[in-house]
Asker: 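Next up is a structure, given as C-alpha coordinates.
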Amino acid sequence: MSRKQHSGIFMMEMIIVVFFFILCSSVCILVFVKGDRMSRDAADLNQSVLIAQSVAEVWKLEGPEGLKQRFGASVSTQDDASGADGDDAFKTDGDEAAGNRYVMEFDKNGNLAEDTPEGGGDGSASGKIYTAVLSADEAESSAEITVSREKNSVYTLSVSRHEREQGETDG
(Lines give C-alpha, C1' and ligand atoms only; values in the text may rest on other atoms or scores of the structure.)
Protein backbone atom coordinates (compact mmCIF):
# COMPACT_ATOMS: atom_id res chain seq x y z
CA MET A 1 0.00 0.00 0.00
CA SER A 2 2.85 2.32 0.78
CA ARG A 3 4.11 1.71 -2.75
CA LYS A 4 0.88 2.93 -4.38
CA GLN A 5 0.85 6.19 -2.42
CA HIS A 6 4.39 7.06 -3.50
CA SER A 7 3.64 6.46 -7.17
CA GLY A 8 0.46 8.57 -6.94
CA ILE A 9 2.35 11.47 -5.37
CA PHE A 10 5.11 11.15 -7.97
CA MET A 11 2.51 11.19 -10.76
CA MET A 12 0.90 14.37 -9.33
CA GLU A 13 4.31 16.05 -9.12
CA MET A 14 5.03 15.15 -12.76
CA ILE A 15 1.65 16.53 -13.90
CA ILE A 16 2.30 19.79 -12.04
CA VAL A 17 5.78 20.10 -13.59
CA VAL A 18 4.43 19.44 -17.10
CA PHE A 19 1.69 22.06 -16.65
CA PHE A 20 4.27 24.55 -15.38
CA PHE A 21 6.46 24.00 -18.46
CA ILE A 22 3.42 24.30 -20.77
CA LEU A 23 2.50 27.59 -19.10
CA CYS A 24 6.06 28.95 -19.40
CA SER A 25 6.40 27.87 -23.02
CA SER A 26 3.08 29.50 -23.98
CA VAL A 27 4.19 32.78 -22.39
CA CYS A 28 7.51 32.60 -24.26
CA ILE A 29 5.75 31.92 -27.58
CA LEU A 30 3.43 34.90 -27.05
CA VAL A 31 6.41 37.16 -26.27
CA PHE A 32 8.26 36.02 -29.42
CA VAL A 33 5.17 36.50 -31.60
CA LYS A 34 4.62 40.00 -30.21
CA GLY A 35 8.30 40.84 -30.74
CA ASP A 36 8.15 39.63 -34.33
CA ARG A 37 5.03 41.73 -34.99
CA MET A 38 6.68 44.80 -33.47
CA SER A 39 9.75 44.22 -35.63
CA ARG A 40 7.63 43.99 -38.79
CA ASP A 41 5.71 47.14 -37.85
CA ALA A 42 8.98 48.99 -37.26
CA ALA A 43 10.32 47.83 -40.64
CA ASP A 44 7.10 49.02 -42.32
CA LEU A 45 7.37 52.39 -40.61
CA ASN A 46 11.05 52.80 -41.59
CA GLN A 47 10.34 51.89 -45.22
CA SER A 48 7.31 54.22 -45.29
CA VAL A 49 9.37 57.11 -43.92
CA LEU A 50 12.03 56.56 -46.59
CA ILE A 51 9.42 56.43 -49.36
CA ALA A 52 7.66 59.57 -48.08
CA GLN A 53 10.96 61.46 -47.83
CA SER A 54 11.96 60.44 -51.36
CA VAL A 55 8.61 61.50 -52.79
CA ALA A 56 8.75 64.79 -50.86
CA GLU A 57 12.26 65.64 -52.09
CA VAL A 58 11.35 64.95 -55.72
CA TRP A 59 8.14 66.97 -55.42
CA LYS A 60 9.96 69.90 -53.77
CA LEU A 61 12.72 69.92 -56.37
CA GLU A 62 10.95 68.96 -59.59
CA GLY A 63 7.23 69.27 -58.90
CA PRO A 64 4.53 67.00 -60.35
CA GLU A 65 6.53 66.41 -63.53
CA GLY A 66 9.33 64.87 -61.47
CA LEU A 67 6.86 62.56 -59.71
CA LYS A 68 5.54 61.35 -63.04
CA GLN A 69 9.00 60.92 -64.53
CA ARG A 70 10.81 59.31 -61.58
CA PHE A 71 8.02 57.38 -59.86
CA GLY A 72 5.50 56.88 -62.65
CA ALA A 73 2.90 58.76 -60.61
CA SER A 74 -0.64 58.61 -61.86
CA VAL A 75 -3.03 61.51 -61.38
CA SER A 76 -6.32 60.99 -59.56
CA THR A 77 -9.04 63.40 -58.54
CA GLN A 78 -10.25 64.06 -55.00
CA ASP A 79 -13.70 62.66 -55.85
CA ASP A 80 -12.30 59.38 -57.15
CA ALA A 81 -10.08 58.86 -54.11
CA SER A 82 -12.62 59.69 -51.42
CA GLY A 83 -15.77 58.15 -52.86
CA ALA A 84 -14.85 54.49 -53.14
CA ASP A 85 -13.49 51.63 -51.10
CA GLY A 86 -10.84 49.13 -52.10
CA ASP A 87 -8.82 49.20 -55.30
CA ASP A 88 -11.24 51.62 -56.99
CA ALA A 89 -10.14 54.34 -54.53
CA PHE A 90 -7.31 55.46 -56.81
CA LYS A 91 -8.79 55.61 -60.29
CA THR A 92 -6.56 57.56 -62.60
CA ASP A 93 -7.88 60.43 -64.62
CA GLY A 94 -6.36 61.64 -67.87
CA ASP A 95 -7.23 65.28 -67.14
CA GLU A 96 -4.20 66.59 -65.23
CA ALA A 97 -5.82 69.94 -64.45
CA ALA A 98 -8.64 68.24 -62.53
CA GLY A 99 -6.45 66.39 -60.06
CA ASN A 100 -3.88 67.30 -57.46
CA ARG A 101 -3.37 63.77 -56.12
CA TYR A 102 -0.49 61.67 -57.36
CA VAL A 103 -0.45 57.93 -56.68
CA MET A 104 2.77 55.88 -56.71
CA GLU A 105 3.32 52.20 -55.93
CA PHE A 106 6.43 50.59 -54.44
CA ASP A 107 7.59 47.07 -53.57
CA LYS A 108 8.75 45.98 -50.11
CA ASN A 109 12.25 47.38 -50.75
CA GLY A 110 10.96 50.81 -51.73
CA ASN A 111 11.60 50.32 -55.46
CA LEU A 112 9.04 51.18 -58.10
CA ALA A 113 6.53 48.38 -58.54
CA GLU A 114 5.20 49.40 -61.96
CA ASP A 115 6.24 46.21 -63.78
CA THR A 116 6.38 43.89 -60.78
CA PRO A 117 3.72 41.15 -60.69
CA GLU A 118 1.42 40.84 -57.69
CA GLY A 119 2.37 38.19 -55.15
CA GLY A 120 5.85 37.34 -56.38
CA GLY A 121 5.55 33.55 -56.03
CA ASP A 122 9.11 32.84 -54.86
CA GLY A 123 8.97 35.01 -51.74
CA SER A 124 11.48 37.50 -53.10
CA ALA A 125 10.99 41.26 -53.10
CA SER A 126 8.15 41.80 -55.53
CA GLY A 127 4.58 42.96 -55.66
CA LYS A 128 2.93 46.26 -55.02
CA ILE A 129 3.16 46.58 -51.26
CA TYR A 130 3.33 50.31 -50.47
CA THR A 131 1.13 53.00 -52.00
CA ALA A 132 2.20 56.62 -51.67
CA VAL A 133 -0.40 59.31 -52.29
CA LEU A 134 0.73 62.92 -52.56
CA SER A 135 -2.10 65.44 -52.15
CA ALA A 136 -0.77 68.77 -53.36
CA ASP A 137 -2.14 72.26 -52.84
CA GLU A 138 -0.25 74.07 -55.57
CA ALA A 139 -1.71 77.46 -54.55
CA GLU A 140 -0.05 77.23 -51.11
CA SER A 141 2.94 75.16 -52.29
CA SER A 142 2.21 72.48 -49.72
CA ALA A 143 1.49 68.78 -49.88
CA GLU A 144 0.67 65.82 -47.70
CA ILE A 145 2.16 62.44 -48.46
CA THR A 146 0.44 59.34 -47.08
CA VAL A 147 2.16 55.97 -47.38
CA SER A 148 -0.08 52.92 -46.96
CA ARG A 149 0.56 49.22 -46.82
CA GLU A 150 -2.28 46.93 -47.80
CA LYS A 151 -4.81 49.78 -47.48
CA ASN A 152 -3.66 50.67 -43.93
CA SER A 153 -2.05 54.08 -43.52
CA VAL A 154 1.45 53.69 -42.09
CA TYR A 155 2.96 57.18 -42.27
CA THR A 156 1.89 60.70 -43.22
CA LEU A 157 4.29 63.55 -43.99
CA SER A 158 3.37 67.20 -44.54
CA VAL A 159 5.77 69.22 -46.68
CA SER A 160 5.92 72.67 -48.19
CA ARG A 161 7.90 73.99 -51.11
CA HIS A 162 9.53 77.40 -50.96
CA GLU A 163 10.00 79.08 -54.30
CA ARG A 164 13.22 81.02 -54.83
CA GLU A 165 13.11 84.60 -55.88
CA GLN A 166 14.58 85.23 -59.33
CA GLY A 167 17.48 87.24 -57.90
CA GLU A 168 18.59 84.54 -55.40
CA THR A 169 21.68 82.47 -55.99
CA ASP A 170 23.04 79.26 -54.44
CA GLY A 171 26.14 81.09 -53.12
Side-chain angles (χ1 to χ4, degrees), residues 32-171:
F32 285 125
V33 167
K34 185 174 181 178
D36 181 58
R37 184 76 205 140
M38 290 174 64
S39 175
R40 288 182 190 195
D41 289 346
D44 279 347
L45 181 60
N46 286 337
Q47 193 64 42
S48 297
V49 168
L50 292 173
I51 289 170
Q53 288 175 339
S54 296
V55 169
E57 291 300 321
V58 168
W59 178 76
K60 285 170 33 177
L61 188 63
E62 301 174 11
E65 293 76 26
L67 295 176
K68 292 174 190 172
Q69 182 182 15
R70 292 180 185 255
F71 298 121
S74 58
V75 179
S76 70
T77 61
Q78 290 281 15
D79 295 335
D80 289 340
S82 62
D85 282 344
D87 291 335
D88 295 335
F90 301 115
K91 294 179 183 174
T92 58
D93 189 339
D95 183 17
E96 294 180 22
N100 63 350
R101 294 173 62 92
Y102 304 93
V103 180
M104 296 142 281
E105 293 178 327
F106 299 89
D107 66 9
K108 74 176 186 178
N109 293 325
N111 300 320
L112 286 180
E114 57 191 14
D115 296 326
T116 309
E118 290 280 340
D122 64 349
S124 63
S126 62
K128 298 173 182 176
I129 306 260
Y130 297 100
T131 302
V133 179
L134 182 135
S135 301
D137 183 1
E138 297 296 331
E140 295 187 20
S141 296
S142 65
E144 183 172 282
I145 302 162
T146 302
V147 180
S148 303
R149 178 178 177 143
E150 298 168 355
K151 300 176 187 167
N152 295 324
S153 179
V154 178
Y155 183 72
T156 301
L157 177 66
S158 297
V159 295
S160 60
R161 180 171 51 194
H162 301 285
E163 301 292 331
R164 279 199 235 178
E165 297 293 326
Q166 287 185 351
E168 288 186 39
T169 61
D170 289 335

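We count residues from 1, following the sequence as given.
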Asker: Indicate the atoms forming the closest heavy-atom contact of P64 with W59, along with that distance.
Answerer: N-CD1, 4.2 Å

Asker: With a 4.5 Å limit on heavy-atom distance, are the side chains of F71 and L112 in contact?
Answerer: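 Yes, close enough: below the 4.5 Å cut-off.
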
Asker: What distance separates I145 CD1 from L134 CG, expressed to the nearest 0.5 Å?
Answerer: 5.0 Å

Asker: Could you list the donor-acceptor pairs under 3.5 angstrom formed by side chains in residues 37-48, with sequence neighbours left out?
Answerer:
| from | atom 1 | to | atom 2 | distance (Å) |
| --- | --- | --- | --- | --- |
| R37 | NH2 | D41 | OD1 | 3.1 |
| R40 | NE | D36 | OD2 | 3.3 |
| R40 | NH2 | D36 | OD2 | 3.4 |
| D44 | OD1 | Y130 | OH | 2.8 |
| D44 | OD1 | R149 | NH1 | 2.6 |
| N46 | ND2 | A42 | O | 3.4 |
| Q47 | NE2 | N109 | O | 3.3 |
| S48 | OG | D44 | O | 2.8 |

Asker: Donor-acceptor pair, N100 side chain versus A136 backbone, under 3.5 Å?
Answerer: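 Checked: pair present.
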
Asker: Once you round to the nearest 0.5 Å, how far does OG of S74 lie from CG of L67?
Answerer: 10.5 Å

Asker: Under 3.5 Å, sequence neighbours excluded: what are the donor-acceptor pairs made by side chains of residues 51-58?
Answerer:
| from | atom 1 | to | atom 2 | distance (Å) |
| --- | --- | --- | --- | --- |
| S54 | OG | L50 | O | 3.0 |

Asker: Determine the minimum heavy-atom distance between K60 and S160, stating which atoms define it.
Answerer: CD-O, 3.9 Å

Asker: Between atom CD of E144 and atom CG of D137, what is the distance when rounded to the nearest 0.5 Å?
Answerer: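 Here the interatomic distance stands at 11.0 Å.
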
Asker: Taking side chain as C-beta onward, heavy atoms only, is Y102 less than 4.5 Å from V133?
Answerer: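 Y102 vs V133: side chains apart.
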
Asker: Which of these passes side chain to side chain contact (heavy atoms under 4.5 Å, CB included) with S153: T146, V147, T131?
Answerer: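 Among the candidates, only T146 passes.
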
Asker: Can you confirm whether more than 12 heavy atoms, excluding those of R161, are under 6.0 Å from its CZ atom?
Answerer: yes

